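Here the structure comes first, spelled out in structure tokens, and everything after it is commentary.
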There are 2 protein chains.
Amino acid sequence: MPRATQKIQTISQECGDCPIRHRAVCARCESDELNLLEQIKYYRSFEAGQTVVWAGDKMDFVASVVTGIATLSQTMEDGRRQMVGLLLPSDFAGRPGRETSAYDVTAATDLVMCCFRKKPFEELMLRTPHIGQRLLEMTLDELDAAREWMLLLGRKTAREKIASLICIIARRDASLQLNATDAELRFDLPLTREAMSEYLGLTLETVSRQVSALRKEGLIITEGKRQIVIPDFDRLLEETGDDSDGGFLV
Amino acid sequence: MPRATQKIQTISQECGDCPIRHRAVCARCESDELNLLEQIKYYRSFEAGQTVVWAGDKMDFVASVVTGIATLSQTMEDGRRQMVGLLLPSDFAGRPGRETSAYDVTAATDLVMCCFRKKPFEELMLRTPHIGQRLLEMTLDELDAAREWMLLLGRKTAREKIASLICIIARRDASLQLNATDAELRFDLPLTREAMSEYLGLTLETVSRQVSALRKEGLIITEGKRQIVIPDFDRLLEETGDDSDGGFLV
DNA sequence: CATCTGATTTGATCTGTATCAAGGTGTTTC
DNA sequence: GAAACACCTTGATACAGATCAAATCAGATG
């Protein structure tokens, strides 16, 4: 079993006959709540590059990613941008009790979200505590991820940042797709160089250079546009600067 | 009313006859729950510099800061350190459902914490949903703060980082002390240069230089060891790079 | 009061990443 | 299949912040 899949409990398992097959609300579901959820849910699709909401805009729903990738970003007056959230399938977006979005939400790839109108969702939360409990767990996970990310932004070198990002995506990819085999890891890097630079707090040129460096050293193999192969996950891990034991959260 | 105190709702208000006078659990309290909380709470004191728990150590309590300042930090193998949490009075530490601490928790100043043994606290959470709701709110606030912090780490210059940190502490200080007047802001900077550098992802020399620069330009006045005066908060705010409207969270 | 200690400041130099600029690659469009 | 476009790579240079080193300051201690 490759290192990437250790310690990862499957998060996208289907949940009995729950029609909502992603992490947000499917855990421990009971039929009456599900009926209520069913009634207030609807799907929205976005093309890669489209903006879901702008920071400051009204956001009258909460949502969970069904397929594709969404990003949360902050922008400074002069245009400097920092990504602050990366939402993969089953991740949750939106804050109960807040009227407007605090971040730009953007579709990094083609994207389908399952939305719940906020008002009824909040009412449902009040009535069914375990939805709130689930949300608390997820928020705590996100907070841990944010803190790992802070270490990356504050203290890692460009090379370590790139290696870290590739490992993070490989891991999360592996945990989503249950076809994880003993073979080398192969997956889609679904971010442009620019998106990567916004994630890592670098310029896109530096990202490009460091990716090239890792490729030249054989730590990663790029196939075609976005496909990445990691021949030896442990060796790449050593480049991240992380504790080798790597007790990764989420 | 100085800018720093706008938009800040008082968070340390006493809560009727609630004996627990800090934010963690005092909101919306009812007497029977309080009795239960009373039974499982105890206080612990630490001297400045002492470690509360090391990352990876067993942590069988959750706690809220009563007085003083605690920090959460991550350390890399080679010793690089990044602060990932700054806990002021009324802030909460510890994660229900986790056995060990994910971070080093350190007393930045002399510190008193109000601790709740984890097991009974978790049981209480199950029985009284609004404690969980309160915790969810607080966790969401922390996540927002972490994301603001990520922008700082990823995209701000050293000068902007220093200005931001001073504003953040001034604001939080102002919201804790209800003596906020129209006069200039005066407060204690309770962090060493090293702690500031760990917060900001800089070296301590760079912190020192930039603080000196702001002092020479009259944006801040330092009195004695740690006292800071901000003669014109708005002018300092302009140096942070933040949106002038500054919709600051917590 | 002298000394010791830890924290801070300041200086000189080095380096990793940003910046500016040009060229390359693959894909879509007509 | 040529042109247009978006995305990516590579090169040359500049600069912010790191690093190494030394001096200064403020309390604490005897």
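Lettering follows sequence order; numbering is per chain, from 1. Remember, it's a predicted structure, so these values are computed and weren't measured experimentally.
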*What do you reckon, is CD of A:E194 surrounded by more than 12 foreign heavy atoms closer than 6.0 Å?*
no
*asked:* Testing the 3.5 Å rule here: is there a donor-acceptor pair between the side chains of A:D188 and A:Q227?
replied: yes
_For atom CG of A:L189 and atom P of D:dC7, their distance in whole Å_ = 15 Å
*asked:* Just the rounded figure in Å: distance from C1' of C:dT17 to CG of B:L153.
replied: 17 Å
*When the distance from CD of B:Q227 to C1' of D:dA26 is rounded to whole Å, what number comes out?*
16 Å
_If you only use heavy atoms from C-beta on, which nucleotide in C:dT10, D:dC8, D:dT9 is closest to the side chain of B:K216?_
C:dT10
*Distance in Å, A:L88 CG paired with A:I169 CD1, rounded so as to fall on 0.5 Å steps*: 7.5 Å
*Given C:dA18, is OP1 or OP2 found less than 4.0 Å from the side-chain N or O atoms of A:R209?*
no
*Could you tell me the separation between the CG atom of B:L214 and the P atom of C:dT9, rounded to a whole number of Å?*
12 Å
*asked:* Does D:dA18 have its OP1 or OP2 closer than 4.0 Å to a side-chain nitrogen or oxygen of B:T206?
replied: yes
_Any side-chain N or O of A:S212 below 4.0 angstrom from OP1/OP2 of D:dT10?_
yes
Tabulate below the donor-acceptor pairs under 3.5 Å that side-chain atoms of residues 51-59 of chain A make, not counting sequence neighbours, or state none.
none

_Taking atom types as they are modelled, would you say the side chain of A:E194 forms a donor-acceptor pair with the base of D:dC7 within the 3.5 Å cutoff?_
no
_In this structure, how many angstroms lie between the C1' atom of D:dC8 and the CZ atom of A:R226, rounded?_
10 Å
*With sugar-phosphate meaning primed atoms plus P, OP1 and OP2, does B:R80 contact a base, only sugar-phosphate, or nothing at under 4.0 Å between heavy atoms?*
nothing
_Spacing of B:I162 atom CD1 relative to C:dT8 atom C1', expressed in whole Å_ = 13 Å
*asked:* Tell me whether the side-chain N/O atoms of A:R193 come closer than 4.0 Å to OP1 or OP2 in D:dA6.
replied: no
_Which residues in residues 195-203 of chain A have a heavy atom closer than 4.0 Å to any atom of DNA chain C?_
A:G201, A:L202, A:T203
_Touch class at under 4.0 angstrom, heavy-atom based, for B:R159 against every strand present_ = nothing
*asked:* If we count only N and O atoms by modelled type, under 3.5 Å, do the side chains of A:R81 and A:T75 hold a donor and an acceptor together?
replied: yes
*Whichever of A:L204 and A:R155 has its nearest DNA chain D nucleotide further upstream toward 5'*: A:L204
*Between C:dT8, C:dT10, D:dT10, which one does the side chain of A:S208 approach most closely?*
D:dT10
*Supply the atom-to-atom distance B:L87 CG to B:L72 CG, rounded to the nearest 0.5 angstrom.*
4.5 Å
*Please indicate whether A:E47 has more than 12 foreign heavy atoms, meaning atoms of other residues, nucleotides or ligands, lying under 6.0 Å from its CD.*
no
*For the base of D:dC8, is there a side-chain donor-acceptor partner from A:E205 under 3.5 Å away?*
no
